[in-house]
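A short write-up of the structure that comes next.
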Amino acid sequence: MREYHPQEIEPKWQQKWEEDGLYRAVVDQSKPKFYALTMLPYPSGNLHIGHWYAMTPSDVRARFKRMQGYNVMFPMGFDAFGLPAENAAIQRGVQPQKWTLGNIASMKRQMRTMGAMFDWEREAASCLPGYYRWTEWFFLKLYEMGLAYRKKSPVDYCPQCKTTLAREQVIGEDRVCERCGAEVIKKDLTQWFLKITDYADELLDFSQIDWPKQIKTLQTNWIGRSEGAEVLFKVAPEDLPADAEEGEGELLVFTTRPDTLWGATFMVLAPEHPLVKRITKPERRAAVEAYRLEAERQSEIERLSTEKEKSGVFTGAYAINPVNEERIPIWIADYVMLTYGTGAIMAVPAHDERDFAFAQKFNLSIPVVIETEEWVAAGRPEPLPRAYPGTGQMINSGSFDGTLAPHPAVEEVTAWLVTQGRGKAAINYKLHDWLISRQRYWGAPIPIIYCDQCGIVPVPYEDLPVLLPDDAEFMPTGESPLKYNAEFLHTTCPRCGGPALRETDTMDTFACSSWYQYAYLSPYYREGEVVRGDELPWDAEEANYWLPVDTYTGGAEHAVLHLMYTRFFTKALRDAGIVDFGEPMLQYRSQGIILGEPRSGDFVEINGTWEGSAFQADEIFVTSFEDEDSWLKPERSDICVAGEVLDRDEVSLKVRTAVEGENLVVVQVAEGTPVHVPGKEAGALGDILYHLDVEKMSKSKKNVVAPDELIDEYGADAVRAYLMFGWRWERGGPWDSQGIGGVVRWINRIWKVVLVEPRDSAAPTSQAARTLRREMHQAIKSVGEDLENFSFNTAIARLMEYVNALTEAQAAYWGSDLWSEALDNLLLLLAPITPHLAEELWAERGNAYSVHEQSWPTWDPAMLVRKTREIPVQINGKVRGHITLAADAGEEAIKAAALAEPNIQRYTEGKEIVKIIVPGKRLVSIVVR
RNA sequence: GCCGGAGUGGCGGAAUAGGCAGACGCAAGCGACUCAAACUCGCUCGGGCGACCCCCAUGUGGGUUCGACUCCCACCUCCGGCACCA
């Protein structure tokens with residue numbers, strides 16, 4: 001028999017498929033289309049197991065759709081701009097383009113070993129001028145629409161990446177950079193923004209798309225819509241400076257609780273609020289200024305900790321509460337942020353916890369204006385022991401007393417404010433506009449020119465692309481190399497022809513990936529040609545046919561980054577008339593992460609001597625972990641150390657011993673120290689295993705699984721199948737190097753059950769034939785449903801069951817028509833999952849090339865019906881016996897058989913049978929008393 | 001603190017219009033083959049028992065139901081996100 005050698009058959013078929021253009025996605029109006037897309041990788045130069053985990057199941061599904069009769073496009077490209085290329089340029093003097101294209105070439109080579117149906121003729125790399133010309137083109141579109149603007153504001157800056165970041169790219173409580181993990185600082189800079197906030201409400205509407213709840217929740221929370229009112233407060237006229245302009249003392253505040261206005265006893269401004277300097281009384285100036293500086297410093301270093309005590313300073317000025325004309329003091333405090341709402345709040349201490357804490361600390365009055373249920377239940381304590389934010393009736397609020405708060409009180413008070421000209425209904429969002437300026441070279445240039453005469457002038461469409469110069473100098477200055485490239489920087493104004501300067505910042509790479517799904521329609525469209533703003537950025541026929549994306553897959557870590565930006569981009573493109581739909585991806589699913597494999601370190605006993613706090617090894621023994629008795633005893637510690645190896649390098653071991661207290665010992669190992677490893681003649685330090693926890697894979701943690709090595713050992717098909725089988729795809733989990741053996745054994749069984757004639761033969765029976773047919777139809781049904789539902793692990797499990805059934809039927813049916821049908825169907829079901837194996841065996845059986853051009857098999861419900869069925873019988877809800885009956889037995893017959901079952905009779909004897917339930921003839925439930 | 005998600009054998013995980021818990025696999029144990037090992041094949045494999053019957057068991061405690069991993073209430077733990085958002 002020919003053995004299964006994936007290393008031979010896989011490259012062979014990959015080459016043939018490519019030569020035959022088997023996966024070319026060509027517009028074909030006679031077929032329904034299916035656009036399957038998986039997130040494009042950054043070309044780091046090395047494909048890791050995470051790429052395989054994300055891409056191969058997506059490929060399986062694309063192949064499945066293809067067999068179902070869809071014309072499938074499954075393209076791949078590279079998110080090729082970004083910092084690593086520029087850092088390589090700084091460190092090693094390699095041109096970013098050269099570095100990037102080299103990485104793309106090697107990654108493509110690795111990706112071809114997946115056996116995926118990527119259509120490489122649609123490949124797009126975002127760093128090539130034919131691509132970024134259009135990224136610039138979209139920027140101009142957005143600029144024309146008023147969706148791109150420049151403003152000075154406090155922005156997030158990563159000192160490590162030496163560039164500004166979007167708010168979404170600052171992660172977590174520690175406020176670290178999404179890319180490099182460095183702590184982000186604040187800077188006041190003039191930067192370009194995209195007005196994603198214009199689409200806040202639309203982005204909250206997920207009704208047209210099938211996306212995971214988790215992603216929808218994350219985006220919803222990030223957008224952070226809250227409804228309320230804007231209320232106009234005025235600074236007391238005597239507290240305004242003499243030169244105050246008309247309207248300068250107007251303080252707009254946003255509140256979700258306008259019904260509590262009568263309880264607003266002070267106002268708080270953000271320390272950076274522009275009005276602070278104008279209204280602060282001379283005697284308060286020193287204190288206010290000191291506080292402002294302190295707040296600024298804090299926002300840079302230690303961010304707001306949750307438990308921090310409230311702090312603030314009185315400005316000396318007062319405002320007038322518009323509902324009762326009372327003078328209320330204006331304070332500044334760092335718990336009010338300039339970036340949310342208007343940067344000013346009305347403080348209602350009785351009904352807001354933060355305001356309560358502040359009022360208590362500074363002895364401000366806390367009048368009750370809502371008679372909340374909790375407060376009444378507590379016996380109306382005064383002074384209030386805490387804030388009462390709950391529901392109740394309004395009191396001390398003039399004519400509104402007795403109104404139920406918050407509803408309908410909020411609505412009624414808002415309506416009244418409108419009639420008074422003192423407020424209006426308003427909505428606020430946490431979402432900020434998307435800062436896209438990056439002070440880096442390796443990104444798409446922002447196509448803008450600054451002219452002394454004409455101001456900000458967009459580069460005319462006809463002049464695109466603004467090309468990155470290839471002679472830029474890379475210095476670790478922290479400023480864009482473009483700024484120091486005279487030829488790039490200096491230009492002429494397209495409007496007046498005078499001397500002008502180019503924008504030297506480039507765009508956030510998320511701008512490139514916000515439209516890449518469209519780039520695959522016509523990669524590098526009309527490269528080298530002059531195009532106008534009113535032309536389309538891709539071939540219209542391609543777009544009309546393929547768009548939008550039907551299924552998108554990728555990592556959930558992009559929930560509020562790429563996945564939100566690309567929705568925004570598409571909505572903007574729709575409003576520009578460029579596309580005619582508002583959602584780029586109809587269905588999206590996210591995969592989990594494969595983590596590093598945990599491992600215990602070897603248990604070692606080491607003889608040697610102490611040298612200070614380190615231990616010098618004379619001889620090392622690797623022993624059994626279970627042997628806890630030999631763990632280091634304190635009294636022996638001067639000559640011997642024993643424990644688990646936590647870490648190892650070329651000259652030392654870190655050993656965790658059983659000694660109380662200081663149990664971590666660093667053991668120095670001189671060259672030539674004898675190492676005894678069981679099962680090895682001559683042990684070496686490198687043979688000793690050190691401890692690994694379940695953690696994300698990373699080179700520094702030495703827990704990386706290299707796909708290339710797995711392919712060499714097991715073949716791509718086995719790796720594909722294992723990645724589908726080992727975990728729930730959407731969840732992921734730690735790698736298990738032993739688990740793949742089960743899949744490899746399974747594939748070998750498939751090989752044998754198809755190719756090897758059984759030694760024994762058995763007599764076919766009608767019963768066995770029926771069973772085989774049933775298993776076959778069951779497999780077709782289940783595998784199809786599971787692939788449709790992204791339930792990859794159960795799809796493989798069903799196929800394993802089917803192969804087990806075939807192994808059993810082999811002796812009786814080898815060579816029969818039924819056997820032939822059963823095997824062909826097996827190969828068809830395997831085709832998307834293990835494409836090379838299926839193709840090889842398909843050819844081996846003499847079938848016409850290619851298995852991937854075949855239709856997905858159909859199943860017949862009639863074939864799933866069993867002739868007899870076994871039905872469990874319950875007494876008071878517990879299974880006490882089983883009966884076997886013909887499938888068409890009536891309910892009465894089932895009941896009779898159940899009552900006749902011997903063990904059931906034991907339970908019914910002498911008892912009263914209350915009732916017998918037979919739901920759907922699947923089960924009998926007898927209730928006795 | 002708030003918002004999501006999840007808790008099932010030694011491990012990965014099956015099973016939810018409520019109906020035989022543990023499919024499929026890993027690991028482990030025993031056996032066959034082999035001079036031997038590996039491979040391969042067969043059997044066992046949640047706990048209490050040698051075995052049947054039976055009892056316990058899907059994070060905890062209640063509830064609904066003839067019947068609950070599945071539904072309801074309260075709680076615990078873990079993971080992810082947000083975090084003084086007015």
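Residue numbers begin at 1 in each chain, while the letters A, B, ... track the order of the sequences. None of these values were measured; they are calculated from a predicted model.
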Open item on the list: Regarding A:N876, tell me which of base, sugar-phosphate or nothing describes its non-hydrogen contacts under 4.0 Å with the strands shown.
Closed with: sugar-phosphate

Open item on the list: Counting the atoms with a prime plus P, OP1 and OP2 as sugar-phosphate, which does A:R922 contact under 4.0 Å by heavy atoms, base, sugar-phosphate, or nothing?
Closed with: base

Open item on the list: Under 4.0 Å, counting only non-hydrogen atoms across every strand here, what does A:R929 touch: a base, just sugar-phosphate, or nothing?
Closed with: nothing

- [ ] To the nearest Å, give me how far apart CD1 (A:I345) and P (B:C85) are.
- [x] 10 Å

Task: Separation of the P atoms in B:A74 and B:G12, to the nearest angstrom - done: 30 Å

Open item on the list: Can you measure A:Y340 atom OH to B:A83 atom P for me and round it to whole angstrom units?
Closed with: 12 Å

Task: Side-chain H-bond candidate by donor/acceptor type, A:T217 with A:T220, under 3.5 Å - done: no

Open item on the list: Would you compute the distance between atom CG of A:D693 and atom CZ of A:R599 and round it to the nearest 0.5 angstrom?
Closed with: 11.0 Å

- [ ] Answer yes or no: does a side-chain N or O of A:R745 lie under 4.0 Å from OP1 or OP2 of B:C26?
- [x] yes

TODO: Tell me whether B:G9 sits syn or anti, counting syn as a glycosidic angle within 90° of 0.
DONE: syn

Open item on the list: Within the 4.0 Å heavy-atom criterion, would you say A:G920 contacts the bases, only the backbone, or no part of the nucleic acid?
Closed with: nothing

Task: Short side-chain donor-acceptor distance under 3.5 Å, A:D201 and A:Y429 - done: yes

Open item on the list: Rounded to whole Å, please give me the gap between CD1 in A:I594 and C1' in B:C11.
Closed with: 15 Å

TODO: Give a yes/no answer on whether the side chain of A:K696 brings an N or O atom under 4.0 Å of OP1 or OP2 in B:G80.
DONE: no

Open item on the list: Less than 4.0 angstrom between a side-chain N/O of A:Y907 and OP1 or OP2 of B:C66, yes or no?
Closed with: no

TODO: Ignoring hydrogens and angles, tell me if any N or O in the side chain of A:N321 forms a donor-acceptor pair with the backbone of A:V323 under 3.5 Å.
DONE: yes

TODO: Return the value, rounded to whole Å, for the distance between atom CD1 of A:I796 and atom P of B:C24.
DONE: 15 Å

Open item on the list: Please name the nucleotide paired to B:C71 by Watson-Crick or G-U wobble geometry with both distances under 3.5 Å, or report none.
Closed with: B:G63

